[in-house]
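Okay, structure first, notes after.
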2 protein chains.
Amino acid sequence: MEHDSGRRADLYEQLARIGKVVVHPKRIELLDLLCQAERSVEALAETTGLKLTTASAHLQVMRQARLVETRREGTRVFYRAAGEEVCRFVGALNDLARARLAEVDQILRSLGTDAAGTERVSRDELLARVQAGEVVVLDVRPAEEYSAGHIPGARSLPLEHLEARLDELDPDLEVVAYCRGPLCLLAPEAAALLRGRGRRARCLEDGLPEWRQAGLPVEEGVGTDGGSSGRNEARSSLRDRRTPRSSPAVGGRS
Amino acid sequence: MEHDSGRRADLYEQLARIGKVVVHPKRIELLDLLCQAERSVEALAETTGLKLTTASAHLQVMRQARLVETRREGTRVFYRAAGEEVCRFVGALNDLARARLAEVDQILRSLGTDAAGTERVSRDELLARVQAGEVVVLDVRPAEEYSAGHIPGARSLPLEHLEARLDELDPDLEVVAYCRGPLCLLAPEAAALLRGRGRRARCLEDGLPEWRQAGLPVEEGVGTDGGSSGRNEARSSLRDRRTPRSSPAVGGRS
DNA sequence: CTACTATTCTATAGATCTATGGAACATGAT
DNA sequence: ATCATGTTCCATAGATCTATAGAATAGTAG
């Protein structure tokens with residue numbers, strides 16, 4: 001049974017090509033960002049704190065593994081994740097880390113405003129309460145991620161502006177904030193800040209990638225909300241759009 | 001918003017700890033094997049063609065990432081995958097490779113008796129046909145993987161013994177062979193061999209890990225089959241055991 | 001064409017990883 | 001205790017990876 005051992009080794013080498021991307025923390029960070037929205041090299045370098053040439057080098061590695069694709073716009077190059085399998089893979093990596101590495105939970109906990117301390121709202125609960133008009137859904141990620149895709153009816157209010165724009169939120173409604181995923185800290189920080197101001201605020205259990213992968217509807221664009229009280233907008237679109245949740249089961253390598 | 005950048009970097013470093021495991025082809029191969037069944041260091045070194053000390057070194061890396069655990073039995077140490085999240089992660093890696101790397105399909109195709117050439121049977125179809133008593137389910141993985149877990153009612157007939165023990169199979173029944181997963185070549189080779197002998201034979205779409213992750217029942221032990229015609233045994237146990245398929249949806253990082 | 005911008009390519013010093021032989025360790029048998 | 005066996009630890013040469021400066025490239029605007 002050794003006639004194809006070379007080929008078989010080739011196969012594992014191909015898998016390792018992908019593994020190579022996630023062996024470097026910064027590349028994981030980049031991939032995480034790209035699962036939220038496309039970005040230029042410059043923007044990526046800036047938000048990850050890398051020198052431009054270094055960021056570019058990392059992106060080349062990711063491109064050779066075919067995990068990202070590019071689009072040119074004038075003189076700028078925009079990178080994006082190459083397909084939902086990539087996001088699913090990153091998701092599996094996150095899950096695995098949370099399940100197996102106690103350190104991850106410790107880090108989250110050590111941040112005070114962490115995932116463990118903040119009560120989480122499930123997708124189902126969110127849907128129910130939104131339909132009952134009881135909550136405002138808040139997307140606290142940077143604006144460009146919001147416009148690349150968000151929960152229908154959610155308001156965009158990036159964490160960095162939350163404090164300044166607090167008065168845009170109806171004090172009588174509970175806020176459910178969400179961000180990039182279970183390991184992302186934006187929503188927990190937002191919720192902590194809001195509760196510090198006497199508001200009722202919780203976090204969604206998942207981030208947008210999980211929402212999308214669950215087959216729930218995703219809306220694109222900057223949204224129609226100009227910055228008013230945002231009470232009605234916050235629950236309009238989700239009302240009847242619940243999809244049959246085609247849920248591509250986890251092991252489903254078709 | 002820079003007060004926790006250090007912590008955030010720590011988080012990605014933790015993820016990279018896991019990534020480190022899948023950056024080396026041999027480690028992926030080891031992990032793949034360990035998702036099927038536990039094995040001693042010696043056995044792992046032998047089936048992967050590594051020197052003993054090298055295999056041990058790789059296993060240490062995997063252990064430090066908490067992806068594998070050990071059990072001592074006398075003087076031997078048995079390694080196993082540390083939880084189903086690990087197998088799910090490996091599955092996501094495989095999926096991603098198949099989806100994004102054309103090379104993977106090419107390699108599979110170049111093997112002649114490949115995945116692409118062999119018609120695949122879905123899980124649902126298998127269940128239906130087994131219940132109708134139309135097929136024999138054949139586990140062509142090595143015997144120790146069979147006894148670590150197999151599809152209920154499946155016969156164990158490792159590929160390496162298939163030719164010699166061909167007469168154990170009822171020529172009138174179609175055979176559905178399965179192995180480790182979509183990238184594994186055991187079942188396709190078995191099906192090709194069988195068809196070369198005039199039998200009707202196909203492959204299951206997935207391997208045992210996918211079956212297990214779908215929440216379908218898995219049977220352990222060496223099986224009661226002594227080596228007779230295996231016509232009835234081949235469909236007894238699956239008859240009424242279909243579980244409600246708790247299907248932990250893909251994005252479900254609870 | 002020239003100037004300018006965003007990005008990629010090239011070269012390289014320094015850091016990290018890999019395979020492996022041999023020593024050390026743990027367990028079980030004598 | 002002594003030995004045998006299976007595994008892990010240690011040291012190290014050679015291979016690979018990383019960050020980064022500087023040069024080259026591609027697109028845009030005059």
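Chain A is the first sequence line, chain B the second, and so forth, proteins listed ahead of strands; every chain is numbered from 1.
Look at CD on Glu42(A): it is 12 Å from P on dT8(C), rounded to the nearest Å. One can place CZ of Arg17(A) at 13 Å from P of dC17(D), the figure rounded to the nearest angstrom. To the nearest angstrom, P of dT18(C) lies 14 Å from CD of Glu13(A). For the pair Leu44(A) CG and dT7(C) P, the interatomic distance rounds to 9 Å; values are reported in whole Å. Taking atom CG of Leu50(A) as the reference point, atom C1' of dC17(D) lies 15 Å away to the nearest angstrom. Atom CZ in Phe78(B) sits roughly 16 Å away from atom C1' in dA26(C) (whole-Å rounding).
Side-chain proximity of Leu52(B) to the nucleotides dC9(C), dG21(C), dT7(D) is greatest for dT7(D). Closest contact between the side chain of Lys51(A) and the listed nucleotides dT20(D), dG22(C), dT18(C) involves dT20(D).
For a distance-only test at 3.5 Å, the side chain of Thr75(B) fails to qualify as a donor-acceptor partner of the base of dT27(C).
For the pair Glu85(A) and Arg66(A), the salt-bridge criterion is not met [side-chain N within less than 4.0 Å of a carboxylate O]. Glu29(A) and Lys26(A) are joined by a salt bridge, as a carboxylate oxygen and a charged side-chain nitrogen come within less than 4.0 angstrom of each other. A salt bridge is absent between Glu42(B) and Arg76(B): the closest approach of a Lys/Arg side-chain nitrogen to an acidic carboxylate oxygen does not fall below 4.0 angstrom.
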Intermediate values then yes/no, salt bridge (Lys or Arg N to Asp or Glu O under 4.0 Å), Arg39(A) and Glu46(A): CA-CA 11 Å; Arg39(A) 282 164 212 262; Glu46(A) 216 236 319; over 6 Å; no
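Considering only side-chain N and O atoms, His58(A) lies nowhere under 4.0 angstrom from the phosphate OP1 or OP2 of dC17(D). At least one side-chain nitrogen or oxygen of Thr54(A) sits closer than 4.0 Å to the OP1 or OP2 atom of dT20(D). In this model, the phosphate group of dG28(C) is not approached by any side-chain N or O of Arg76(B) to a distance below 4.0 Å at OP1 or OP2. When the side-chain nitrogen and oxygen atoms of Ser56(A) are compared with OP1 and OP2 of dT8(C), one or more of them lie within a distance under 4.0 Å. Regarding contacts with the backbone of dT16(D), every side-chain N or O of His24(B) stays at 4.0 angstrom or more from both OP1 and OP2.
Looking at heavy-atom distances under 4.0 Å, Tyr79(A) makes contact with sugar-phosphate atoms alone, never a base.
Summarising the geometry of Tyr146(B) relative to Gly221(B), their closest heavy-atom pair is CE2-O, 3.9 Å, with the distance given to 0.1 Å.
In terms of position on DNA chain D, the residue among Arg72(A) and Ala57(A) whose nearest nucleotide sits closer to the 5' end is Ala57(A). Across the interface with DNA chain D, nearest-nucleotide mapping of Leu59(B) and Lys20(A) shows Leu59(B) to be the residue nearer the 5′ end.
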